[in-house]
Amino acid sequence: MANMFAFAESRGGSLRKVALEAVSAARQATDATGGGEVHALLIGAPGIGAKAAALGRAGADLVIVVEHAGLARYSPEVFAATAADRLRSGGYRGAFFAASAEGRDLAPRVAVALGVSMASDLTGFAFEGDALVGKHPTHIGKIITTVRLTGSPALLTLRPGAVLVTDADRTARVEQGAPALDPAAARVVVTSVGGTGDAQLDLADAPVVVSGGRGLREAANFKLVEELAAAFGNAAVGATRAVTDDGWRDPSTQIGQTGRIVSPDLYVAVGISGAIQHLAGMRTSKTIVAINKDKDAPIFKLADYGIVGDLFEIVPRLTEEVRKARAGH
Amino acid sequence: MKIAVCIKRVPDMDLRFAIGAGGKALDSAGLKFDIADFDGYAVEAGLRLVEAHGSGEVVVVTVGPAAAQETLRKALGMGADRAIQLSADEVPFDGRAVATALATELKDGGYDLVLFGRMATDSANQTVGPMTAHLMGVPCVTAISKLDIAGGRGTAERQLEGASETVEFPLPAVVTIDEGLGRPRLPSLKGIMAAKKKPLEVKPAQLGAASLTVDSIALPPDRPPGRIIGEGADAVPELIRLLQTEAKVL
């Protein structure tokens, strides 16, 4: 029997999906190791505590709510000190963070403050005796490394999408906590957060990703990709490095070895040849569709369904057919 | 301005990998090695910051075997001033063990900035930078895509999922680099010749204990081979049918 800790990531006062995944994973780990409690740490501006109930539904028994006017945005040193403080006192067996931009920044700070190591970006995990054993895609996803972490607590980051969010139908207790470091004393300060469109689904959360490459010929033609994504209704728009380097799209949407790694249910590659650097970011997608004029393009070696031809004819037709299919639901 | 850039020698990711006999490492036959992608960006960032500042020094540091000197020489060829090899037969997979060696070396070195790539492309842990910062007792900002240094302070931009954040911090600091400050320059012929004469110091790595280890490595399960279902817009209805009935994603 062991208690588990989960960090509940939020942005702009809303929980991120990875928060629910971290809690769900901690719940699974707790249940698999003979029961115990899941404690989630939720940090934010006053009012963030209203999100505790959702964490309960994902499997938390207790939500530690830390509200402070100085914590509306991520504050790496304050968050790390507060998480480390709780983990030091709590006797936790494992501590779950998301392998997100924030979680990847936060977890190593917490681990080193506690004097322990950590495992990164796991797609699967199990507690075996005194060790955590996990699967970690390494070498740009071309190798799956099975890692073994000893020491307690076992800190880990989970790859977004690796765990299904469970509906545990639990009502979590809420405990008010305090930051372990005065936010005004932090050396590293996030002074602003700029969104690239609030309504857009994030690439990590979207069940469908539609990406465009150089085959679109110019930035304005990306509207074909956007229209296709809109037809799906649950899609985010990605891009290749060639395209973000040329300034057609925001760098945060680049999918690949040097960008984002996504694993959606459906990945649609439009005018993308399939450079290794790009494949590294999407090869674990469940279903891959490719549309390209060159039948020998490497993307067709990976694509479950490929269509060879002129994307300027194929994509509008696909958009129309997807819209019809969705309307028929 | 005195800048250290911590770099790693990693296998060339474009090659086809095979699993070595012990099942814990890549088969070394046919592997080529180079500086890790993001570490190249970090060297470039260090060189640009010193150039913009007008004076200073870029010191490249690595933990690894003698073969890693080749990677240090490449960075020297790009323009770094000197190199330090913290000698270890193998680079531990545990980021904290590596961070301990780096922090021991860098702590009292008088560096204004210590730069890292945001992660090594082989072990992909993304932990060594922030752990080194903590052990050195200095602030840390990770995975930045823009960086300005002025008046003893830094302003950086980080890419988040669907957003970006601006971060301010005082120097000295550890900063890990995503892309954004510019593509790594290629060593010029003159640079390569000069690199041979630049100082490269070798010291034993004071590694920390490793509690994260590799049990085994494997190739990912093969995807079924790709399938072209048709040509042109006429293939769209078939695609819709397959997405609905076979893949069940529509």
Side-chain angles (χ1 to χ4, degrees), chain A residues 100-101 104-105 108-109 111-113 117-121 133 138-151 187-196 200 202-204 251-252 257-258 265-266 276 287 289 295 300-309 313-314 317-318 321-322 325, chain B residues 13-14 17 37 94-96 99 121-127 130-131 134-135 139-143 145 158-170 179-180 211-220 223 225-233 235-237 239-240 242 244 247 249-250:
Chain A
S100 57
R104 280 172 167 268
D105 183 87
R109 298 174 190 266
V112 71
S117 301
M118 61 169 284
S120 297
D121 202 17
V133 177
T138 58
H139 303 77
I140 69 164
K142 292 171 81 175
I143 294 288
I144 307 298
T145 298
T146 301
V147 299
R148 176 173 295 268
L149 177 65
T150 54
R187 299 171 296 182
V188 177
V189 178
V190 176
T191 54
S192 67
V193 179
T196 50
Q200 265 187 354
D202 180 62
L203 280 166
S252 68
Q257 179 178 342
T258 52
D265 293 335
L266 175 62
I276 286 179
T287 299
V289 169
K295 70 173 170 37
F300 286 126
K301 291 203 174 70
L302 200 66
D304 300 282
Y305 310 121
I307 300 182
V308 180
E313 288 172 15
I314 299 165
R317 178 80 188 274
L318 181 57
E321 295 291 335
V322 168
Chain B
M13 296 296 153
D14 287 351
F17 293 140
D37 278 15
D94 187 331
R96 199 167 65 100
T121 26
D122 58 351
S123 46
N125 279 315
Q126 208 166 324
T127 54
M131 288 183 166
H134 183 94
L135 296 171
C140 179
V141 181
T142 66
S145 52
R158 304 179 68 228
Q159 296 297 327
L160 310 177
E161 299 85 1
S164 65
E165 64 187 14
T166 305
V167 187
E168 294 185 6
F169 57 96
E179 297 192 350
S211 49
L212 176 71
T213 52
V214 173
D215 262 12
S216 63
I217 66 170
L219 299 172
R223 288 187 78 91
R227 173 156 63 115
I228 289 175
I229 60 160
E231 287 189 20
V236 167
L239 174 62
I240 295 285
L242 289 165
Q244 286 179 321
V249 288
L250 184 64

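Order of the sequence lines fixes the chain letters, A, B, ..., with proteins taken first and strands second; residue numbering starts at 1 for each chain. Computation of the quantities below employed the complete heavy-atom set of this structure, encompassing side-chain atoms and omitting hydrogens, waters and symmetry-equivalent molecules.
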Chain B heavy atoms under 4.5 Å from [X]: which part of the residue, side chain, backbone, both or neither?
X      : value
A:V289 : side chain
A:I276 : side chain
A:A303 : backbone

For chain A, which of [options] has the most heavy-atom pairs under 4.5 Å?
options                        : answer
B:L212, B:L242, B:L160, B:V214 : B:L212
B:P237, B:P220, B:P170         : B:P220
B:D122, B:I217, B:T127         : B:D122
B:A247, B:C140, B:G95          : B:C140
B:V167, B:D37, B:T213, B:T142  : B:T213
B:M131, B:Q126, B:R96, B:E165  : B:R96

Could you look at [X] and say if it's the side chain, the backbone, both or neither that has a heavy atom under 4.5 Å from chain A?
X      : answer
B:A143 : neither
B:R223 : side chain
B:L239 : side chain
B:D14  : both
B:P139 : both
B:I229 : both
B:N125 : both

Look at the side chain of B:E161 and the backbone N and O of A:A101, then say whether any donor-acceptor pair between them is shorter than 3.5 Å. yes
Please report the closest heavy-atom contact between [X] and [Y], naming both atoms and the distance.
X      : Y      : answer
B:Q244 : A:A325 : NE2-CB, 3.5 Å
B:G232 : A:I307 : O-CG2, 3.5 Å
A:V193 : B:A163 : CG1-CB, 4.3 Å
A:K142 : B:L219 : O-CD2, 3.9 Å
B:M13  : A:I140 : CB-CD1, 3.8 Å
A:S120 : B:A124 : CB-O, 4.2 Å

Show your reasoning for whether side-chain hydrogen bond (donor to acceptor under 3.5 Å, both in side chains) applies to B:T166 and A:S192. CA-CA 5 Å; B:T166 305; A:S192 67; 3.3 Å; yes
Max heavy-atom pairs within cutoff under 4.5 Å with chain B, candidates A:T258, A:T287, A:V322, goes to A:T258
Ranked by heavy-atom pairs below 4.5 Å to chain B, first place among A:V147, A:V133, A:D121, A:V189 goes to A:V189
Nearest 0.5 Å, what's the [atom1]-[atom2] distance between [X] and [Y]?
X      : Y      : atom1 : atom2 : value
A:K295 : B:E231 : NZ    : CD    : 9.0 Å
A:D105 : B:R158 : CG    : CZ    : 4.5 Å
B:D94  : A:L149 : CG    : CG    : 8.0 Å
A:K301 : B:I228 : NZ    : CD1   : 10.0 Å

Kindly write out the residues that satisfy side-chain hydrogen bond (donor to acceptor under 3.5 Å, both in side chains) with B:S123, not counting sequence neighbours, or none if the list is empty.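 Here the qualifying residues are B:K8.
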Sequence neighbours excluded, the answer for side-chain hydrogen bond (donor to acceptor under 3.5 Å, both in side chains) partners of A:T150 is none
